[in-house]
Amino acid sequence: MSADRRPLLLMTPAMIWLFGLMVVPCALILVLAFFRRGLYGGIEYTWTLENLALVFDPLYFQIFLKSAGIAGLSAAIACVLGYAAAYAIAAMPRRHQPMLLFFAVLPFWSNYLVRTYAWIVLLNREGLIVNLARWVGYEGELPQMLYSEQAVVIGLVYNYLPFVILSCYAPLSRLNPEVNEASRDLGASAWTTFRRVTLPMTVPGIATGFVFVFVLSIGNFVTPALLGGGQFQMIGNLVYAQFLTANDWPFGAALSMVLIAVMLGLLMGQAVMADRASGGKGARDG
Amino acid sequence: MAERHIFRLMLLILGVVFAFLYIPISVLVGLSFNDGGLPTAWTGFSTRWYGALLTNDDILKAAGNTLVVALFSTALSTVLGTLLAIGVEIRRRNGKWLETIIFAPMIIPDIVLAIALLSFFSLLGVKMGLHTIIVSHVVFNLAFVCAVVRARLKNFDWSIVEASGDLGASTFTTLRRVVVPVLMPAIIAGALLAFTLSVDEFIIAFFTAGAGRSSITLPMQIFAMIRFGVTPEINALATLVMAVSVVALALSQRLNKGELPGQ
């Protein structure tokens with residue numbers, strides 16, 4: 001056995017697995033999007049662009065836009081909160097930072113459904129927040145909190161916030177405190193130093209957090225289904241319906257394809273940006 | 001003076017964010033021990049809702065299914081992921097496409113992989129059930145095991161492999177008696193990670209379980225129950241599920257850290 005062959009031999013079983021159960025099925029989705037839907041929900045093997053055209057039909061495209069809006073809003077809120085938290089953690093004494101970071105990320109490790117359910121417990125009509133309001137003495141009518149767009153945004157922010165804290169903490173903890181001191185010595189205020197020195201150097205972390213929250217949110221179907229109520233639809237729910245209830249797989253595949261294209265575009269843009277940022281940093285370090 | 005104010009502001013931010021992160025799950029855990037089971041009033045500490053879980057056949061069946069799925073997918077992905085990691089690290093010069101394929105399962109949105117696998121199995125005419133959930137979970141699990149083991153291999157002393165070869169050991173013996181024992185903490189950490197991911201995974205299981213209730217997993221059961229509102233039983237079940245994943249992951253983290261001085 002030649003020395004060069006051995007590593008390939010070790011890799012083969014896993015590569016076969018990934019090829020057969022990831023690459024091929026994903027390629028299948030791409031192909032499926034161009035077939036016609038059969039009369040009784042099956043697939044008719046004639047080529048068509050109708051499915052793709054239907055995605056851009058105003059009826060469906062507006063769901064796309066709404067999903068993007070909700071994902072964008074969630075990502076923006078998560079970035080503000082996450083950056084503030086990461087900044088605060090990085091400002092604490094060094095020996096406490098690992099523990100703080102650990103507890104900031106701990107909820108991320110627990111079950112996604114459970115974390116979403118926790119908000120149903122808080123927000124439902126007999127939930128804790130309503131009870132708290134009654135207890136404080138508020139008698140008036142309370143707005144419907146659960147099963148709304150706001151509830152979906154809260155749920156998404158809650159679930160993905162730890163991720164943003166991690167992505168923002170990384171560049172913040174690498175900042176050289178002397179740079180900040182230099183800025184202050186040169187007469188800049190704390191706020192100016194933050195805005196002109198710290199923030200620009202940590203933008204890649206924010207961008208990473210934003211892109212990941214956006215990508216995870218726009219295709220999400222669990223949070224809208226649980227916190228948005230039955231009528232609420234995001235692109236994930238629409239895809240879900242095509243595959244599991246409406247039985248229009250080609251249209252579901254076309255929707256997924258557009259969704260994947262948006263996600264891939266963002267992730268690749270983020271990767272390029274991260275690459276450039278680390279390249280720039282390397283040059284400075286050198 | 002300003003520094004003091006800033007530090008206080010930082011503490012305030014930390015307080016707000018940690019409250020946001022922990023109040024919802026704490027309320028859930030607290031309510032699961034509330035005798036009355038309702039958020040309206042605390043009527044005393046009780047574990048009766050946990051007892052109620054043990055008499056719920058649907059939940060027990062789902063828990064059994066989850067265990068089967070998690071154990072098999074962990075076993076398979078630990079072997080495949082470890083071998084992949086060793087192969088990739090020995091080879092070193094890996095093309096970009098290879099790295100992408102190995103990294104992809106960790107970032108592909110669940111829903112995409114889920115519908116892709118559902119279409120794939122249906123078109124092939126594969127009857128879906130626990131076995132299809134298992135093979136599907138292996139896809140992302142093996143990537144995570146591989147990542148954990150590769151991190152350990154970054155500071156692996158390859159000269160001991162040469163030494164083993166020089167002393168006459170075959171490739172297989174070297175792998176079994178030298179490489180794997182050194183990697184063991186990382187392999188166990190990877191396996192624990194895979195186990196929790198599989199126990200918690202909902203979307204892919206939901207799509208690849210097939211019709212009927214026979215292969216329903218715990219997250220699928222929870223999803224079905226949550227849609228009908230809040231009950232003290234779900235509170236208890238949710239608390240248990242959360243405890244299992246946090247303990248397994250903390251353990252995994254610990255094992256890995258002990259062996260990675262550089263990190």
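Residue numbers begin at 1 in each chain, while the letters A, B, ... track the order of the sequences. For the numbers below, each heavy atom of this structure counts, side chains included, while hydrogens, waters and symmetry mates do not.
Top candidate by heavy-atom pairs under 4.5 Å with chain A, chosen from B/Val17, B/Thr239, B/Val230, B/Leu28, is B/Val230. Ranked by heavy-atom pairs under 4.5 Å with chain A, the first of B/Pro109, B/Ser77, B/Ala85, B/Ser119 is B/Ser119. For the set B/Val29, B/Val244, B/Val112, the entry with the most heavy-atom pairs within less than 4.5 Å of chain A is B/Val112. With chain B as partner, the option from A/Leu259, A/Leu226, A/Leu81, A/Val239 having the largest number of non-hydrogen pairs under 4.5 angstrom is A/Leu226. Comparing A/Val114, A/Leu264, A/Leu267, A/Leu106 by heavy-atom pairs within less than 4.5 Å of chain B, the highest count is held by A/Val114. Among the candidates B/Leu123, B/Ile102, B/Thr196, B/Ile23, the residue making the largest number of heavy-atom pairs closer than 4.5 Å to chain A is B/Leu123. Ranking A/Ala88, A/Gly219, A/Gly252 against chain B, the residue ahead of the rest is A/Ala88, based on heavy-atom pairs under 4.5 Å. Contacts with chain B were tallied for A/Ala104, A/Ala91, A/Cys26; A/Ala104 has the most, counting heavy-atom pairs under 4.5 Å. Ranked by non-hydrogen atom pairs under 4.5 Å with chain A, the options B/Ile222, B/Val246, B/Leu117 are led by B/Leu117. Counting heavy-atom pairs closer than 4.5 Å to chain A, the top residue among B/Ala238, B/Ser245, B/Ala114 is B/Ala238.
Using a 4.5 Å cut-off between heavy atoms, B/Leu175 contacts chain A through its side chain alone, with no backbone atom that close. For a residue to count as touching a neighbouring chain, one of its non-hydrogen atoms must lie under 4.5 Å from one of that chain's; by this rule B/Ile115 touches chain A with backbone and side chain alike. Both the backbone and the side chain of A/Leu21 come within less than 4.5 Å of a heavy atom in chain B. At a 4.5 Å heavy-atom cutoff, the contact between B/Leu142 and chain A is made by side-chain atoms alone. Heavy atoms of B/Phe20 lying under 4.5 Å from chain A belong to its backbone as well as its side chain. Interface remark: A/Phe221 contributes side-chain atoms only to the contact with chain B (heavy atom separation under 4.5 Å). The parts of A/Leu100 that come within reach of chain B are both its backbone and its side chain, each placing non-hydrogen atoms under 4.5 angstrom from that chain. Neither the backbone nor the side chain of A/Leu30 comes within contact range of chain B; no heavy atoms are under 4.5 Å apart. Within the 4.5 angstrom heavy-atom criterion, only side-chain atoms of B/Ile13, from C-beta onward, approach chain A. With a 4.5 Å cut-off on non-hydrogen atoms, B/Phe140 does not touch chain A at all. Only the backbone of B/Thr231 comes within contact range of chain A, judged by heavy atoms closer than 4.5 Å. For chain B, the nearby parts of A/Ile120 are the backbone and the side chain; heavy atoms of each come within less than 4.5 Å. Looking at A/Asn124, only its side chain comes within 4.5 Å of chain B, counting heavy atoms on both sides. A/Phe19 does not touch chain B: none of its heavy atoms, backbone or side chain, sits under 4.5 Å away. Proximity to chain A (any heavy atom under 4.5 Å) is restricted, for B/Ile108, to the side chain, taken from C-beta onward. With a 4.5 angstrom heavy-atom cutoff, B/Asp110 does not touch chain A via any of its atoms. Of the two parts of A/Ala190, only the side chain, counted from C-beta on, holds a non-hydrogen atom closer than 4.5 Å to a non-hydrogen atom of chain B. Interface remark: B/Leu118 contributes backbone and side-chain atoms alike to the contact with chain A (heavy atom separation under 4.5 Å). At a 4.5 Å heavy-atom cutoff, the contact between A/Val121 and chain B is made by backbone and side-chain atoms alike. Both the backbone and the side chain of B/Leu11 come within contact range of chain A, each with at least one heavy atom under 4.5 Å from a heavy atom of that chain. For A/Tyr87, the parts lying near chain B are the backbone and the side chain together; criterion is any non-hydrogen pair under 4.5 Å. Of the atoms belonging to B/Val79, not a single heavy atom falls under 4.5 Å from chain A. A/Leu113 touches chain B through backbone and side chain together, each having a heavy atom under 4.5 Å away. For chain B, the nearby parts of A/Ala225 are the backbone and the side chain; heavy atoms of each come within less than 4.5 Å. Of the two parts of B/Phe223, the backbone and the side chain both hold a non-hydrogen atom closer than 4.5 Å to a non-hydrogen atom of chain A.
Under a cut-off of 6.0 angstrom, the local environment of CZ in A/Phe103 is sparse, with at most 12 non-hydrogen atoms contributed by other residues, nucleotides or ligands. More than 12 heavy atoms of other residues, nucleotides or ligands lie within 6.0 Å of OH in B/Tyr22, so this atom counts as buried by the packing criterion. Counting non-hydrogen atoms of neighbouring residues, nucleotides and ligands closer than 6.0 angstrom, the CE atom of B/Met106 exceeds 12 such neighbours.
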Assess the residue pair B/Phe207 and A/Phe243 against the criterion (side-chain contact (heavy atoms from CB on, under 4.5 Å)); give the C-alpha distance rounded to whole Å, side-chain angles, the decisive distance to 0.1 Å, and a yes or no. CA-CA 9 Å; B/Phe207 277 76; A/Phe243 278 91; 4.2 Å; yes

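Proximity of B/Leu76 to A/Trp17: side-chain heavy atoms (C-beta onward) are separated by under 4.5 Å at one or more points. At least one side-chain heavy atom of A/Met22 sits under 4.5 Å from a side-chain heavy atom of B/Ile101.
Put simply, CG on B/Leu83 and CE on A/Met15 are 13.5 Å apart, with the number rounded to the nearest 0.5 Å. Distance check, rounded to the nearest 0.5 Å: CZ of A/Arg115 to CD1 of B/Ile25 gives 8.5 Å. To the nearest 0.5 Å, atoms NE2 (A/His96) and CG (B/Leu14) are separated by 12.0 Å. The line from CG of B/Leu80 to CG of A/Leu10 is 11.5 Å long, rounded to the nearest 0.5 Å. Here the straight-line distance linking atom CG of A/Leu9 with atom OG1 of B/Thr171 works out to 9.5 Å at 0.5 Å rounding. Summarising the geometry, atom CG belonging to A/Leu216 is positioned 12.5 Å from atom CD1 belonging to B/Ile111; distances are rounded to the nearest 0.5 Å.
Using bins of under 30°, 30° to 60° and over 60° for the plane-to-plane angle, the ring pair A/Tyr240/B/Phe206 lands in the parallel bin.
Listed for the A/Trp109 side chain is no donor-acceptor partner under 3.5 Å among the backbone atoms of B/Ala248.
Across every non-hydrogen atom of A/Pro7 and B/Gly87, the tightest pair is CB-O, 3.3 Å.
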